[in-house]
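See below for the structure under consideration.
Reminder, nothing fancy here: chain letters follow the sequence lines and each chain counts from 1.
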Amino acid sequence: MARSGVDPYGEAVRLLAREASRLLEEKGATIEEKPEYLVSPPPRPEYGDLSFPAFRLARPLGMKPVEAAKLLASRVSAASTGTVVGRVEPVGGFVNVFLNAGELARRVFEAARTLGEGFGRVPTEKPLRIVIEHTSANPVHPLHIGHARNAALGDALARLLEARGHVVQRRFYIDDMGRQVAVLAYGMMKLSERGGPTEPRGKPDHWIGLVYAVTHTLVDIRTTRRMLEEAREAGDEERVRELQEELDDLVGAAAELRERDSQLFDTLADAIMADEDPEETIARITRAYEFGEDWAVKLVRGAVEKCIEGFRETLEGRLGIRFDKWDWESDLVWGSLVGRLLEEARKSPYFALHKEAEALDFKHLQRDPEVRERLGLPETLEIPPLILVRSDGTTLYTTRDIAYSIYKFRDFNADRVINVIAAEQRLPQLQIRLALIALGYRREAYNMIHYAYEMVNLPGVKMSGRRGRYVALDSLIDAAVQKAGEEIAKRNRELGEERTREIARQVGVGAVKYALLGVNAAKPMVFNLDDTLNFERNTAPYIQYAHARASKILAKAGGEIPWGDVDYSAAEGHPARRRLLVEASRFPYIAAKAADELRPELVVEYLNGLAEIFNTWYPQDPVLAETDRGARAYKLGLVYLVKTVLRNALGLLGIPAPEEM
RNA sequence: GGGCCCGUAGCCUAGCCAGGACAAGGCGCCGGCCUUCGGAGCCGGAGAUCCCGGGUUCAAAUCCCGGCGGGCCCGCCA
């Protein structure tokens, strides 16, 4: 049971659910749903603050719906002494509950006053150790808006779970062994051979992104040219036309890239065009790095570190998203982890050769009913075998990720691991969990969650990291912060330049995060900067603005809230005032639910509603002009409550709440 | 070919898992409020075959079956 007093609203919900359960229990009856799920705020105010559809109990209890409602209502009423539950009414098949606003206010004010920043934290009955791996972008180009969705989600989940009392560790996986990194390293190698620049100009990840795109495009041009010649010799007209088209595209992309830095481009072009076989050199880098050869380690780490430095600037410096651990994929390989994993795999009954490569075959495992249920496998899905080792002896990303999955559990002694990873990686993520089961890591497999999110698109932008066609997250943040600064300057000239700049940062960054968190992760989204920066409703600035206004009212009232003067009878009577209280008091319940269901968007939806109700209320029921001493104190308490909730809820999303803006 | 996800007013989003009372909020549009605690605001209005068709149920946006449309995935890439 949650500590009493931290969530009075939730206690009312649970009281209603508990009485329903008891009623069923006494009759030896059951229903499928958890009764708590059936409690909901009714659609209209005359139906009260909470309702329960007693229809559901009628059949199991062998009664008519109306009778069941009457019976439950009388039970709830009898159990309500000393709680926030007030009037209880059976209406049709529903039981409607009106909260006792005065009592609710007394308890919620008390909680907000004593808990402060901790208001809204409802400790879970079962605290877990949870690892959240998120963002983990390829270290070859700057972060873009899709990574921002990943980062915003991962960070919000971490904050939500921490608020629920779990122990959370945030990790970033540096994938430095992929082909893309080898391509980048190849470019860096050529630059250094030719005496070109090897240190970033400007922000390091942006510069790295350019080197990568130039290198990749030039290598592709070489490869395509060679294939074109071969096709010509073979007289394959169709193929020639296809490749010619591809080559034209590549040359176009190259021209765009050259405009960004002609010296860099020309240096790389000369070097790569002179190289006998770039692909072979890239493969050599991959092998040498995997086997930890000195020259390759220096080369690759040097390049990747630069990119990571840029990531940190954006994530930690600008977005306030911090990590506890930065894990290098290569460390897993150079240490014994991946090697040991492969040994285990070779001993596994699921080990098989697939196209002559070492692999795990899931044909039999995927039919296991328990496995199917726990992993949610569709019946007719054939899961392809997972190849573990390339024929040249190097490992594959998925293989290393299996080792990493085990490592994440071990290193933190974790009960659960949540991976925030793009939805397009569903199959490999599933294969990893199957592999864990195949190798005897059943507990890990069942407690590893792929938190999938869909792509983010920018209107009219087609992105490609390999071609250097992307909008960097940094420039979106810049635009958001700049627009925020303009808006603030327009409306509040008393802040001063430095304070304006700081608040603009909080507002601009908040707007971007809020927009990314407001949409369910399973939905592909279009990120429209104009909408985000519109700063009207359903945006962070709208919420932050409500918070600033609440802060200002309290500041004008001067000093401490006279809690001792509060007249709780002022809670009833004024409909908007009452509604605001009830809505604000729902926060701890919402925060707990959002954490348990891993759904930050619930907090966003809630904030939209609360800010709106606050803005509706305060012009029609002025606080400072209130002459009755007890009522004035009550209203100040209410403003304090709302301010606390707005600030803490934004905090769960990693969004700051400025006192003024 | 198979699998996963999405489909709610002109546009964006919530509600769907756990079925209930006239389907909620925003943008945009139309009309009011230059209201004393901050107009990034407030009030009012128009606007919805909840993709389609069956089924289950006292009750379906929600569950089941069959379609349609869109996205993604089925590499010795990551």
Side-chain angles (χ1 to χ4, degrees), chain A residues 31-38 40 42-44 46-47 51-56 58-59 65 91-94 96 136 138 175 177-181 354-359 376-384 387-392 394-398 400-401 422-428 430 452 454-455 457 484 487-488 490-492 507 515 518-520 522-526 528 530-531 534-539 541-546 548-550 552-557 597 601-602 604-606 608-609 612 615-620 622-626 635 639 660-661:
Chain A
I31 54 172
E32 269 182 49
E33 300 85 6
K34 264 178 77 176
E36 190 175 326
Y37 293 140
L38 298 176
S40 66
R44 287 154 59 164
E46 59 265 39
Y47 295 142
S51 72
F52 188 96
F55 310 92
R56 300 306 189 80
R59 200 189 298 267
V91 177
F94 290 95
N96 293 333
S136 302
N138 263 312
D175 175 16
M177 304 209 71
R179 182 188 143 79
Q180 353 205 11
V181 167
H354 181 73
K355 299 184 197 163
E356 282 135 53
E358 295 183 301
L377 301 182
E379 297 207 15
T380 51
L381 176 66
E382 269 301 317
I383 295 163
I387 294 181
L388 298 169
V389 187
R390 289 191 188 97
S391 21
D392 69 356
T394 57
T395 53
L396 282 115
Y397 162 81
T398 333
R400 302 185 297 258
D401 207 357
E424 62 187 9
Q425 293 208 40
R426 252 180 180 121
L427 182 60
L430 195 57
E454 284 288 348
M455 295 289 103
N457 289 301
E487 293 290 323
I488 293 163
K490 229 191 290 178
R491 290 158 225 277
N492 193 339
V507 172
V519 181
N520 184 301
K523 288 199 184 198
M525 68 180 289
V526 176
N528 188 324
D530 289 339
D531 287 352
N534 205 358
F535 294 174
E536 289 172 14
R537 292 182 184 209
N538 291 2
T539 65
Y542 177 82
I543 314 297
Q544 289 169 318
Y545 186 62
R549 287 174 133 179
K552 210 43 172 274
I553 293 171
L554 295 178
K556 286 209 171 162
E597 299 181 6
E601 76 271 16
L602 294 183
V604 170
E605 282 292 317
Y606 170 74
N608 287 337
E612 195 192 335
N615 283 332
T616 305
W617 166 69
Y618 81 77
Q620 57 170 283
V623 175
L624 301 178
E626 175 63 59
K635 288 183 185 177
V639 173
E660 54 185 352
M661 61 190 278

Excluding sequence neighbours, so at least two apart, what forms side-chain hydrogen bond (donor to acceptor under 3.5 Å, both in side chains) with [X]?
{"X": "A/Asp530", "answer": "none"}
{"X": "A/Ser136", "answer": "A/Glu133"}
{"X": "A/Tyr542", "answer": "A/Asn615"}
{"X": "A/Asn608", "answer": "A/Tyr514, A/Asn538"}

- Spell out yes or no: do the side chain of A/Arg491 and the base of B/G38 have one donor N/O and one acceptor N/O closer than 3.5 Å?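 No, the side chain and the base share no sub-3.5 Å donor-acceptor pair.
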
- Message: Going by centres under 5.5 angstrom and planes under 30 degrees, do the aromatic ring of A/Tyr545 and the base ring of B/A40 stack?
- Response: no

- Message: Suppose we screen for side-chain contact (heavy atoms from CB on, under 4.5 Å). Which residues come up paired with A/Leu396, at least two apart in sequence or across chains?
- Response: A/Ile387, A/Arg390, A/Thr399

- For A/Glu46, does the CD atom have more than 12 heavy-atom neighbours from other residues, nucleotides or ligands under 6.0 Å away?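 For A/Glu46, atom CD is crowded (more than 12 foreign heavy atoms under 6.0 Å).
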
- Message: Does a side-chain N or O of A/Arg426 approach OP1 or OP2 of B/G3 to a distance below 4.0 Å, or not?
- Response: no

- B/C42 phosphate, OP1 or OP2, under 4.0 Å from A/Tyr542 side-chain N/O: yes

Find every protein N or O atom lying less than 3.5 Å from an N or O atom of nucleotides 43-46 of chain B, and list the pairs.
residue : atom : partner  : partner atom : Å
B/C43   : OP1  : A/Thr616 : OG1          : 3.2

- Produce a footprint string for nucleotides 10-16 of chain B: one letter per nucleotide, 5' end first; B if the base is under 4.0 Å from any protein heavy atom, S if only the sugar-phosphate is, - if neither. ---SSS-

- Item | For A/Glu32, salt bridge (charged side-chain N to carboxylate O under 4.0 Å, His left out) partners two or more places apart |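 With sequence neighbours excluded, A/Glu32 shows a salt bridge (charged side-chain N to carboxylate O under 4.0 Å, His left out) to no residue whatsoever.
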
- Taking salt bridge (charged side-chain N to carboxylate O under 4.0 Å, His left out) as the test, write out the residues that go with A/Glu626, two or more places apart.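 Residues passing salt bridge (charged side-chain N to carboxylate O under 4.0 Å, His left out) with A/Glu626: A/Lys635.
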
- Query: Rounded to whole angstrom units, what separation is found between the CG atom of A/Asn608 and the P atom of B/A40?
  - Reply: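 One finds 18 Å between P of B/A40 and CG of A/Asn608, rounded.
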
- Item | Complementary nucleotide for B/C4 - Watson-Crick or wobble, under 3.5 Å |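 Partner of B/C4: B/G71.
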
